[in-house]
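First the structure, in the form of structure tokens, and then the observations on it.
Just the heavy atoms: all of them, side chains too, but no hydrogens, waters or symmetry mates, feed the values below. The chain is numbered in sequence order, starting from 1. Not measured: the values here are computed from a predicted model.
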Amino acid sequence: MSGLIRNRVLSTVCVVLCACKVTPTPSPEGVAAVTEPIRASPHQLFGAPLSAAGETSLADLLRSPKTYRDQSVTVAGRVKSACTRRGCWMQISAESDPAAPSCRVTFKDYGFFVPTDSAGSQAKVQGSLTIDTVPSERVAHLESEGAKFGDKNPDGSANELHLVATGVELWR
């Protein structure tokens with residue numbers, strides 16, 4: 001592996017492993033998202049406004065993720081859990097059953113966060129889907145913040161569907 005590629009891989013791994021431990025400089029929308037509580041009735045927007053693109057069924061995406069891999073999608077679902085430290089990720093599901101399949105959502109360039117009490121909210125998310133293998137150290141870190149992994153490997157790593165969101169709407 002060339003030095004440049006190795007350095008990029010190491011940099012990416014460092015960013016992923018340390019994302020919740022660093023203090024990012026969120027956009028003004030992100031600051032509002034972290035400090036303002038979710039209100040009962042209106043939708044709250046975090047990140048960029050969602051475009052009018054057609055909505056993909058979250059259940060279909062969870063059933064056939066390879067169909068949507070590396071594509072921009074808009075999905076709606078229920079927030080199963082969110083990062084309890086900073087709101088830098090959330091897991092969404094098409095069902096209310098705690099054992100139902102879910103997708104982890106992070107926020108593009110960590111430019112915004114959602115409230116740490118987002119679990120139980122309804123969400124509409126626009127972003128790009130990836131299918132990742134999360135290293136065991138990262139799995140342990142995310143589980144310490146409330147994440148659940150249904151597809152863990154014997155070495156402690158986990159396979160997961162991951163949406164990198166450009167925009168999120170939340171409501172209760």
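In this structure, CD1 in Ile92 is found 10.0 Å from CG in Leu161, a value given to the nearest 0.5 Å. Note that the OG1 atom of Thr166 and the CG atom of Asp109 stand 10.5 Å from one another [nearest 0.5 Å]. Atoms OG1 and CG, from Thr84 and Asp117 in turn, are 11.5 Å apart once rounded to the nearest 0.5 Å. Arg78 contributes atom CZ, which lies 7.5 Å from atom CD of Gln122 (distance to the nearest 0.5 angstrom). Rounded to the nearest 0.5 Å, atoms CE (Met90) and OG (Ser102) are 11.5 Å apart.
The pair Lys124-Glu55 meets the salt-bridge criterion, since a charged nitrogen lies less than 4.0 angstrom from a carboxylate oxygen. Taking 4.0 Å as the cut-off between side-chain N and carboxylate O, Glu143 and Lys152 count as a salt-bridged pair.
In this structure, a donor-acceptor pair under 3.5 Å is absent between the side chains of Glu137 and His141.
Taking the salt bridge (Lys or Arg N to Asp or Glu O under 4.0 Å) definition, one finds that Asp132 meets it with nothing, sequence neighbours left out. Qualifying side chain to side chain donor-acceptor pair (under 3.5 Å) partners for Ser144, counting only residues two or more places apart in sequence or in other chains: Arg85. Applying the side chain to side chain donor-acceptor pair (under 3.5 Å) test to Ser157 and every residue at least two apart in sequence or in another chain returns Asn153, Asp155. Under the rule for a salt bridge (Lys or Arg N to Asp or Glu O under 4.0 Å), Glu169 has no partner lying at least two apart in sequence or in another chain.
Between Leu170 and Pro115, some side-chain heavy-atom pair lies under the 4.5 Å cut-off.
The aromatic rings of Phe107 and Phe112 lie tilted to each other, with the angle between the two planes from 30° to 60°.
Nearest heavy atoms, Pro101 versus Ser93: O-OG, 2.9 Å. Closest approach of Gly87 and Phe113 over heavy atoms only: O-CB, 3.3 Å. Across all their heavy atoms, Phe149 and Ala158 have their closest contact at CD2-CB, 3.5 Å. A pairwise comparison of heavy atoms in Val79 and Ala123 identifies CG2-CB, 3.8 Å as the closest pair. The minimum heavy-atom distance between Thr116 and Cys83, with the atom names listed, is CG2-O, 3.4 Å.
Side-chain heavy atoms closer than 4.5 Å link hydrophobic residues (I, L, V, M, F, W, Y) into clusters, and following such links, even through other members, never connects Val164 to Leu50.
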**Request:** Could you check Lys148 against Lys80 for side-chain contact (heavy atoms from CB on, under 4.5 Å), going step by step and ending with a plain yes or no?
**Result:** CA-CA 9 Å; Lys148 306 278 187 235; Lys80 287 177 66 168; 5.8 Å; no
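When each of Leu129, Thr106, Val105 is checked for a side chain to side chain contact (heavy atoms under 4.5 Å, CB included) with His162, only Thr106 meets the rule.
Residue pairs meeting the salt bridge (charged side-chain N to carboxylate O under 4.0 Å, His left out) criterion with at least one partner in residues 89-99, sequence neighbours excluded, are absent. Sequence neighbours left out, the pairs with a member in residues 63-75 that pass side chain to side chain donor-acceptor pair (under 3.5 Å) are Asp60-Arg63, Thr74-Gln126.
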